[in-house]
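See structure below.
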Amino acid sequence: MLHIAPEIARARAEARPIVALESTLISHGLPAPHNLEVAHALEQEVRAAGAVPATIGVLGGIPTVGLDAAALEHFANSDTIRKLTRRDLATAMARKQDGATTVAATMALAAAAGVPIFATGGIGGVHRGVQVSWDISADLTELARTPVLVVCAGAKAILNLPATLEHLETLGVPVVGFATDEFPAFYNASSGLPLPVRADTPTEAAQLWQAQRAAPELCAPGGMLLCVPPPAEVALPRQEVEVAIARALARAESVGVRGPAVTPFLLAAMAEETHGESITTNVALLRQNARIAAQVAVALAQTDR
Ligand code: PSU
Ligand code: MN
């Protein structure tokens with residue numbers, strides 16, 4: 001029921017480092033042609049740091065760990081790819097559909113394939129306006145129950161970041177800053193929200209993750225977030241970002257976007273409101289996260305030996 005590409009199965013058998021990558025950002029998060037370039041660039045970043053990339057999605061109903069080049073191209077260019085969160089996996093499999101996996105669904109499939117480290121951009125979280133919409137990403141629920149280290153730039157800035165951080169605490173998910181004491185704000189380093197734990201090196205991060213993995217019944221059964229601030233040279237000023245977010249949210253409101261369409265709509269609106277700058281930042285932080293996740297995977301494989 002789960003297809004694991006031969007290269008990844010071999011790496012697993014030899015206990016070599018692997019990094020999972022998601023496909024929703026390819027199909028629904030970034031516009032063409034950036035999306036396909038990024039899909040390949042992330043795999044290259046992982047390889048350059050000495051790990052094996054495993055991009056995950058559902059192809060013709062088959063959950064696939066390690067999408068090949070043809071599949072990546074299909075996911076980047078087709079407009080019939082479903083956006084799959086955890087609850088959508090069964091129906092996509094039954095209907096033999098193609099589906100791009102969100103953070104939640106990617107974590108589920110990575111864990112099933114024995115891959116405990118995953119790099120993405122920003123996780124989903126508690127939306128602004130949650131009081132009315134009840135919109136809280138299934139990414140948070142998944143982090144509470146699935147043992148995968150997720151390397152990210154925090155949660156997407158279009159969200160309610162304080163509420164997202166509170167909810168992660170409620171769910172028992174450790175949130176670690178990578179060389180920072182603050183929860184990053186996705187497009188820039190500073191949300192003003194302090195984090196209780198930081199790791200300054202990939203080895204330190206691997207040690208923290210190893211402690212949780214080794215004793216899930218004592219610590220937490222689920223995942224851990226490693227939050228990396230975006231590269232300083234592409235960070236967008238906080239004021240500018242907030243203005244763009246307000247405009248993007250107003251557009252979503254006037255169009256009446258709901259459900260899974262909200263996040264893709266807001267990311268596209270942000271790209272327009274910032275004249276493409278949000279995409280430059282998004283791509284740079286994705287590459288950085290892939291690189292750091294690979295470094296952590298390498299350190300973890302060394303301690304596992
Ligand atoms: N981060 C990005 N781009 C994206 C996403 C995250 O930089 O496209 C995707 C992830 O797949 C994440 C999803 O899991 O958005 C969250 O969607 P929702 O809010 O509907 O759960
Ligand atoms: Mn949602």
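Start at 1 and go down the list; that is how both ligands and their atoms are numbered. Side chains are part of it too, since the values below use all heavy atoms of this structure and drop only hydrogens, waters and symmetry mates. When a residue number appears, it is its place in the shown sequence, counting from 1.
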Evaluation steps, side-chain contact (heavy atoms from CB on, under 4.5 Å), between Arg16 and Val52: CA-CA 8 Å; Arg16 284 190 284 124; Val52 176; 3.9 Å; yes
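Under a 4.0 Å criterion applied to the non-hydrogen atoms of Phe186, ligand 1 contributes the atoms 7 (O). If you number the atoms of ligand 1 from 1 as listed, the ones under 4.0 Å from a heavy atom of Leu267 come out as 3 (N), 4 (C), 8 (O). Close contacts between ligand 1 and Thr102 involve ligand atoms 11 (O), 14 (O) [criterion: under 4.0 Å to a heavy atom]. Counting atoms of ligand 1 from 1 in the listed order, those under 4.0 Å from a heavy atom of His127 are 19 (O). In summary, the atoms of ligand 1 found under 4.0 Å from a heavy atom of Asp139, numbered by their order in the structure, are 12 (C), 14 (O), 16 (C). Close contacts of ligand 1 with Asn282, meaning ligand atoms under 4.0 Å from a residue heavy atom, involve 7 (O). Interface atoms of ligand 1 facing Lys83, defined by a heavy-atom separation under 4.0 Å, are 17 (O), 18 (P), 20 (O). Ligand 1 places these atoms under 4.0 Å from at least one heavy atom of Thr263: 15 (O), 17 (O), 18 (P), 19 (O), 20 (O).
Taking distance alone, with nitrogen or oxygen atoms compared against 3.5 Å, Ile123 stays at or beyond that limit from ligand 1. Distances between N or O atoms of Thr101 and those of ligand 1 include no value under 3.5 Å.
No hydrogens or angles considered: nothing links the side chains of Asn160 and His127 as a donor-acceptor pair under 3.5 Å. Side chains of Arg213 and Gln210: a donor-acceptor N/O pair is present below 3.5 angstrom, by distance only. Under the 3.5 Å distance criterion, with hydrogens and angles disregarded, a donor-acceptor pair is assigned to the side chains of Thr80 and Ser78.
Nearest to atom 21 (O) of ligand 1 among the protein's heavy atoms is Ser137 OG, 2.7 Å. Of the protein's non-hydrogen atoms, Gly29 CA, 3.2 Å is the one closest to atom 8 (O) of ligand 1. At the shortest separation from atom 11 (O) of ligand 1 among protein heavy atoms lies Glu22 OE1, 2.7 Å. Protein heavy atom nearest atom 5 (C) of ligand 1, with residue, atom name and distance: Lys156 NZ, 3.4 Å.
With values rounded to the nearest 0.5 angstrom, Ile245 atom CD1 is found 11.0 Å from Glu240 atom CD. Here OG1 of Thr85 is found 10.5 Å from CZ of Arg82. Values are rounded to the nearest 0.5 Å.
For the pairing with Leu225, the side chain to side chain contact (heavy atoms under 4.5 Å, CB included) check across Val176, Asp139, Leu143 returns one residue only, Leu143. With Thr101 as reference, Val58 is the one residue of Val58, Asp88, Thr55, Thr64 to meet the side chain to side chain contact (heavy atoms under 4.5 Å, CB included) rule.
With Ser191 contributing its side chain and Ala185 its backbone, the two residues share no donor-acceptor pair below 3.5 Å. Listed for the Arg95 side chain is no donor-acceptor partner under 3.5 Å among the backbone atoms of Gly61.
Between Gly122, Ala261, Gly125, it is Gly122 that holds the heavy atom closest to atom 6 (C) of ligand 1.
Between the Mn ion (ligand 2) and the N, O or S atoms of Asp135, the shortest distance is to OD1.
The shortest separation from a heavy atom of Thr85 to ligand 1 is not under 4.0 Å, leaving the residue out of contact. The closest approach between His28 and ligand 1 stays at or above 4.0 Å for every heavy atom of the residue.
Linking Ile, Leu, Val, Met, Phe, Trp and Tyr whenever their side-chain heavy atoms come within less than 4.5 Å puts Ile123 and Phe183 in one cluster.
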